[in-house]
Amino acid sequence: QAQLVESGGALVQPGGSLRLSCVGSGFPFSIYDMSWYRQAPGKEREVVVGITSTGFITKYADSVKGRFTISRDNAKNTVYLQMNSLKPEDTAAYYCYAKQRFSEYWGQGTQVTVSS
């Protein structure tokens, strides 16, 4: 079965950094476009940033530009989200998303809480 498993979420102080990872299995990861989404309590899920199978950045939320960076390692079936200068408003469940033509998969999410 296709799976996406996120990890790396934690409680961190404002200004801190975290690196999220998402490992895919059960599907041809290398040909899928990947994205990170997030959803805060009471808000709709929003795209954070996306990356194509070849490493081209296709999506980017204005609120995270200059602070968050997406990358992928197809050899490891893994996509990363490096988050720096974290703010309380970054608090949310972060989800990994894979998309290719007629197939799409969601991870279960990992919680990021930014608080002092």
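Just so you know, these numbers use all the heavy atoms, side chains as well, and skip hydrogens, waters and symmetry mates. Just so you know, these numbers come straight off a predicted model, no measurement behind them.
For the pair K65 and D62, the salt-bridge criterion is met [side-chain N within less than 4.0 Å of a carboxylate O].
Taking 4.5 Å as the limit, some side-chain heavy atom of V112 sits within range of a side-chain heavy atom of M83. Within the 4.5 Å cutoff, no side-chain heavy atoms of R45 are placed close to those of Y97.
Relative orientation of the Y94 and F68 rings is tilted, given thresholds of 30° and 60° on the angle between their planes.
Considering OG of S35 and CD1 of I57, their distance stands at 9.5 Å, rounded to 0.5 Å. In this structure, the separation between NZ on K87 and OG on S63 is 8.0 Å, given to the nearest 0.5 Å. Atom CD of E6 sits about 11.0 Å away from atom CG of L81, to the nearest 0.5 Å. Put simply, CG on L18 and CG on L11 are 9.0 Å apart, with the number rounded to the nearest 0.5 Å. Taken to the nearest 0.5 Å, the CZ atom of R19 stands 9.5 Å off from the OG atom of S7. With values rounded to the nearest 0.5 angstrom, T54 atom OG1 is found 8.0 Å from D33 atom CG.
Within 6.0 Å of atom CD in Q3, 12 or fewer heavy atoms from other residues, nucleotides or ligands are found, so the atom counts as exposed in its surroundings. Taking a 6.0 Å sphere around NZ of K99, one finds it holds more than 12 heavy atoms contributed by other residues, nucleotides or ligands. More than 12 heavy-atom neighbours from other residues, nucleotides or ligands sit within 6.0 angstrom of CD on Q39.
When hydrophobic clusters are built by joining Ile, Leu, Val, Met, Phe, Trp and Tyr residues whose side-chain heavy atoms come closer than 4.5 Å, directly or via intermediates, V48 is grouped together with V12. Under the 4.5 Å side-chain heavy-atom criterion for grouping Ile, Leu, Val, Met, Phe, Trp and Tyr, W36 is not connected to Y95 through any hydrophobic cluster. A continuous path of ILVMFWY side-chain contacts below 4.5 Å connects Y60 to L20, so both sit in one hydrophobic cluster.
Every residue meeting the ring-ring contact (aromatic ring centres under 6.0 Å, His included) condition with F27, not counting sequence neighbours, appears here in chain and number order: Y32, Y105. Residues that satisfy the salt bridge (Lys or Arg N to Asp or Glu O under 4.0 Å) test with R72, not counting sequence neighbours, are absent from this structure. In this structure Y37 satisfies the side chain to side chain donor-acceptor pair (under 3.5 Å) test together with K59, sequence neighbours excluded.
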(request) Determine, stepwise, if the pair N84 / S17 fulfils side chain to side chain donor-acceptor pair (under 3.5 Å). (result) CA-CA 4 Å; N84 299 324; S17 297; 2.9 Å; yes
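A donor-acceptor contact shorter than 3.5 Å is absent between the side chain of N74 and the backbone of F29. Using a distance-only test at 3.5 Å, with no hydrogens or angles considered, no donor-acceptor pair links the side chain of T113 to the main chain of T91.
The shortest heavy-atom contact between V79 and S71 is CG2-O, 3.2 Å. Contact detail for C96 and L4: the closest heavy-atom pair is O-CD1, 3.7 Å. The two atoms that bring S30 and S53 nearest to each other are O-CB, 2.9 Å, heavy atoms only.
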